[in-house]
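To keep things clear, I will list the structure first and then write my remarks on it.
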Amino acid sequence: MPIHRTAATLLAAGLLAGTAVIGVAATASAATPSTAPSAAPGVCAYYSNFGYYCGYDVNNTYADYGDRGNKVREIQAILRYRGFSIGPSGVDGIFGTSTRNAVKHFQRLNGLDDDGIVGPKTWTRLRG
């Protein structure tokens, strides 16, 4: 193969590889907001640009009795980290009676309506 073809092939391969890396980096950064912290699940910490975060969910979406999943785990982990009892099951991702009672207790102590629903005001206080 002539030298100029070999150089062109290597250049094209390099450009393709570089584009793939940039594409992966762009995809990764688009998936996680730049202000969102990263932590191993269950490891709670306070981040100055975000608030309390325990590695389960960065979204402050509405949560209520009967909900399940990572948003509930995040609520439970923050409550436990901040000293509230969430019941014997611990961080299980199930918004049951113990979690609702912990949320209500937290809301009362923070001057919120103690309805047991984690909406925007409760999330702000939980994270803050």
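As the structure is a computational prediction, the values presented were derived from the model and not from experiment. We count residues from 1, following the sequence as given.
Between Ile75 and Ala63 the shortest heavy-atom distance is CD1-CB, 3.5 Å. Of all heavy-atom pairs spanning Asp57 and Arg127, the tightest one is O-NH2, 2.9 Å. Residues Cys44 and Ala77 share a closest heavy-atom pair of SG-O, 3.7 Å. Counting all heavy atoms, side chain and backbone alike, Asp64 lies closest to Gly116 at OD1-O, 4.2 Å. Annotation for Val58 and Phe50: closest pair O-CZ, 3.4 Å, computed over non-hydrogen atoms.
The hydrophobic clustering, which links ILVMFWY residues whose side-chain heavy atoms are closer than 4.5 Å, places Val103 and Leu109 together. A single hydrophobic cluster is not seen to contain both Ile117 and Trp123; linkage of ILVMFWY side chains at heavy-atom distances under 4.5 Å, directly or through other members, places them apart. Following chains of ILVMFWY side-chain contacts shorter than 4.5 Å, one cannot reach Leu79 starting from Leu112, and the two form parts of different hydrophobic clusters.
Put simply, OG1 on Thr61 and CG on Asn70 are 10.0 Å apart, with the number rounded to the nearest 0.5 Å. Between the CD1 atom of Ile86 and the NE2 atom of His105 there is a distance of 14.5 Å, given to the nearest 0.5 Å. In this structure, CZ in Arg68 is found 9.5 Å from CZ in Arg73, a value given to the nearest 0.5 Å. Once rounded to the nearest 0.5 Å, the distance linking OG1 of Thr122 with OH of Tyr62 reads 10.5 Å.
A salt bridge links Asp114 with Arg108: at least one charged nitrogen is closer than 4.0 Å to a carboxylate oxygen.
Partner Tyr81 forms a ring pair (Phe, Tyr, Trp, His ring centres under 6.0 Å) with one of Tyr52, Phe106, Tyr56 and no other, that one being Tyr52.
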Determine, step by step, whether Arg125 and Lys121 satisfy the side-chain contact (heavy atoms from CB on, under 4.5 Å) criterion, reporting the C-alpha distance in whole Å, the side-chain angles of both residues, the deciding distance to 0.1 Å, and the verdict. CA-CA 6 Å; Arg125 295 288 172 92; Lys121 290 178 183 176; 5.9 Å; no

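Remark: Asn59 CG is packed, more than 12 non-hydrogen atoms of other residues, nucleotides or ligands lying under 6.0 Å away.
Remark: the backbone N or O of Asp115 is paired with a side-chain donor or acceptor of Gln107 at under 3.5 angstrom. Looking only at distances, a side-chain donor or acceptor of Arg82 sits under 3.5 Å from a matching main-chain atom of Leu126. Remark: side-chain polar atoms of Gln76 are not paired, donor with acceptor, to backbone N or O of Thr99 under 3.5 angstrom. Asp92 contributes a side-chain N or O that, together with a main-chain N or O of Ile94, makes up a donor-acceptor pair within less than 3.5 Å.
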